[in-house]
Trainee: 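First the structure, which I've put down as structure tokens, then a few questions once you've had a look.
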Amino acid sequence: MKLFILLASLCLTLSTVSSSLQPYEAIFNFGDSLSDTGNFLLSGALAFPVIGKPPYGETFFRSATGRCSDGRLVVDFIAEAFGLPHLPPYLALSKGQDVKHGVNFAVAGATALDPQFFYQRKIGSVMWTNDSLSTQLGWFKKLKPSLCTTKQECDNYFKKTLFLVGEIGGNDYNYAFFVGGNIEQLKASVPFVVEAITQATSALIEEGAVELVVPGNLPIGCSAVYLTLFRSPNEAVYDKRNGCLKAFNGFSKYHNSELKRALGALRLKYPHARIIYADYYGAAMPFYHAPLHYGFKSGTLRACCGGGGPYNFNNSARCGHIGSTACKVPSSYANWDGIHLTEAAYGYIAKGLIHGRFTTPL
């Protein structure tokens with residue numbers, strides 16, 4: 001059974017899946033701000049995090065939830081597709097709370113590599129959080145006894161459980177790029193980042209996971225923050241088809257190709273597990289190439305919420321800060337705050353995964 005094949009074959013929508021057809025009964029998610037549903041906000045890492053107030057969350061939840069978007073994320077759409085509730089953030093769990101349908105361990109700003117890697121390279125001060133992928137894995141191990149106790153019980157539970165390992169790794173590169181690292185320097189760190197992701201995936205399989213999705217990175221060259229920070233008068237650095245920065249998208253593709261290669265080796269090591277690569281890059285590029293076709297009348301490169309500038313990203317007036325404003329129709333934009341995408345964009349990416357076109361192996 002291929003991941004999501006039941007949904008694809010029946011041409012079901014994101015939000016209408018009969019409970020009798022669910023191939024998964026629980027989801028556990030690990031990652032960063034692309035899938036955090038509240039952990040960063042609850043962690044207290046920042047005294048006044050803007051993601052805890054409007055305009056964040058305005059589209060679907062009508063209030064800020066700690067999601068770095070105007071509404072739902074890919075993980076929310078996936079949960080809805082299987083008829084499951086939105087995943088509660090791990091740090092919001094109360095004693096004795098029923099978590100049989102899953103938990104979200106993702107933390108905005110999280111890295112695949114442990115914080116020591118960045119502190120050793122003198123860039124730890126720019127990190128949002130120390131709750132890296134290994135910390136999130138530790139949270140899962142701590143929670144596991146409340147899910148199942150015997151091996152048989154765990155086997156029965158986990159065969160109906162989906163593990164989402166990422167997207168993670170983007171911040172490992174963001175932190176370095178934003179303090180002056182160049183592409184060639186950052187390429188040297190890709191093997192370390194990929195190894196951290198595959199080690200976490202391996203650890204989850206050792207814990208009993210058999211259904212895993214590991215996403216690649218988005219096209220960072222199309223992100224408003226990169227387009228702003230690395231703006232160039234040289235037209236040759238831009239992709240004529242979409243206006244994105246070619247070299248940075250090339251870097252994303254390099255990371256993704258190395259991750260796919262590593263996952264191939266992991267499949268040989270664990271033939272009993274289904275390890276699916278989720279192509280976030282491929283799922284996103286169609287709307288960058290043809291914004292109007294996907295309803296992005298205001299474009300895909302300029303942020304909906306920001307403090308001005310060619311791409312509406314201003315580091316001194318980011319979304320939610322004084323001097324920033326939010327657009328009236330977020331669904332007409334692909335980019336939400338310069339770094340993260342809108343609910344509308346995440347919905348298209350999720351649909352591409354759920355219907356199988358951007359997941360491999362087929």
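Atom set for the values below is all heavy atoms of this structure, side chains included, hydrogens, waters and symmetry mates excluded. When a residue number appears, it is its place in the shown sequence, counting from 1.
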Trainee: Answer yes or no: is there a donor N or O on one side and an acceptor on the other, between the side chain of Asp36 and the main chain of Phe40, under 3.5 Å?
Mentor: yes
Trainee: Check the side chains of Thr300 and Tyr333 for a donor-acceptor pair under 3.5 angstrom, ignoring hydrogens and angles.
Mentor: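 Side chains of Tyr333 and Thr300: no pair found under 3.5 Å.
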Trainee: Look at the rings of Phe158 and Phe140 and say which category their plane angle falls in: under 30° parallel, 30 to 60° tilted, over 60° perpendicular.
Mentor: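 Judged by the thresholds at 30° and 60°, the geometry between Phe158 and Phe140 is tilted.
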Trainee: Is it true that Tyr346 and Val329 fall in one hydrophobic cluster, defined by side-chain heavy atoms closer than 4.5 Å?
Mentor: no
Trainee: Verify whether one side chain among Asp239 and Tyr288 offers a donor that lies under 3.5 Å from an acceptor in the other.
Mentor: no
Trainee: Would you kindly check if the NZ (Lys) or CZ (Arg) of Lys144 is within the cone defined by 45 degrees around the ring axis of Tyr157 and under 6.0 Å from the six-membered ring centre?
Mentor: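 Pair Lys144/Tyr157 does not count as cation-pi.
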Trainee: Give me the ring orientation class for Phe230 and Phe248: parallel if the planes are under 30° apart, tilted from 30 to 60°, perpendicular past 60°.
Mentor: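 Ring orientation, 0 to 90° scale: tilted.
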Trainee: State whether Phe251 and Lys187 meet the cation-pi test: NZ (Lys) or CZ (Arg) under 6.0 Å from the six-membered ring centroid, and within 45° of the perpendicular axis.
Mentor: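 Geometry flag: not set, cation outside 6.0 Å or 45°.
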Trainee: Return the orientation label for the Tyr90 and Phe105 ring planes: parallel under 30°, perpendicular over 60°, tilted otherwise.
Mentor: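 Correct class here is tilted.
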Trainee: Report yes or no: is the cationic atom of Arg302 (NZ for Lys, CZ for Arg) closer than 6.0 Å to the six-membered ring centre of Tyr311, at no more than 45° off its axis?
Mentor: no
Trainee: Can the positive tip of Arg121 be found less than 6.0 Å from the middle of the six-membered ring of Phe117, inside 45° of the ring normal?
Mentor: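 Satisfied, under 6.0 Å and within 45°.
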Trainee: Check the pair His86, Thr37 against side-chain contact (heavy atoms from CB on, under 4.5 Å), reporting the backbone distance first and the verdict last.
Mentor: CA-CA 9 Å; His86 294 148; Thr37 56; over 6 Å; no
Trainee: Rounded to the nearest 0.5 Å, how far does OH of Tyr173 lie from CZ of Phe178?
Mentor: 14.0 Å
Trainee: If we count only N and O atoms by modelled type, under 3.5 Å, do the side chains of Asp114 and Ser132 hold a donor and an acceptor together?
Mentor: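 Short answer, yes.
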Trainee: Examine the side chains of Thr65 and Arg67 and answer whether a donor and an acceptor come within less than 3.5 Å of each other.
Mentor: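 Yes, Arg67 and Thr65 have a side-chain donor paired with an acceptor closer than 3.5 Å.
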Trainee: Below 30° counts as parallel, above 60° as perpendicular, anything between as tilted: where do the rings of Tyr294 and Tyr348 land?
Mentor: perpendicular
Trainee: For the pair Cys305 and Cys327, evaluate disulfide bond (SG atoms under 2.5 Å apart) and give the outcome as yes or no after the intermediate values.
Mentor: CA-CA 6 Å; Cys305 181; Cys327 67; over 6 Å; no
Trainee: Do Phe61 and Ile51 share a hydrophobic cluster (ILVMFWY, side-chain heavy atoms under 4.5 Å, transitive)?
Mentor: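 No; tracing contacts between hydrophobic side chains, which count when under 4.5 Å, never links both residues.
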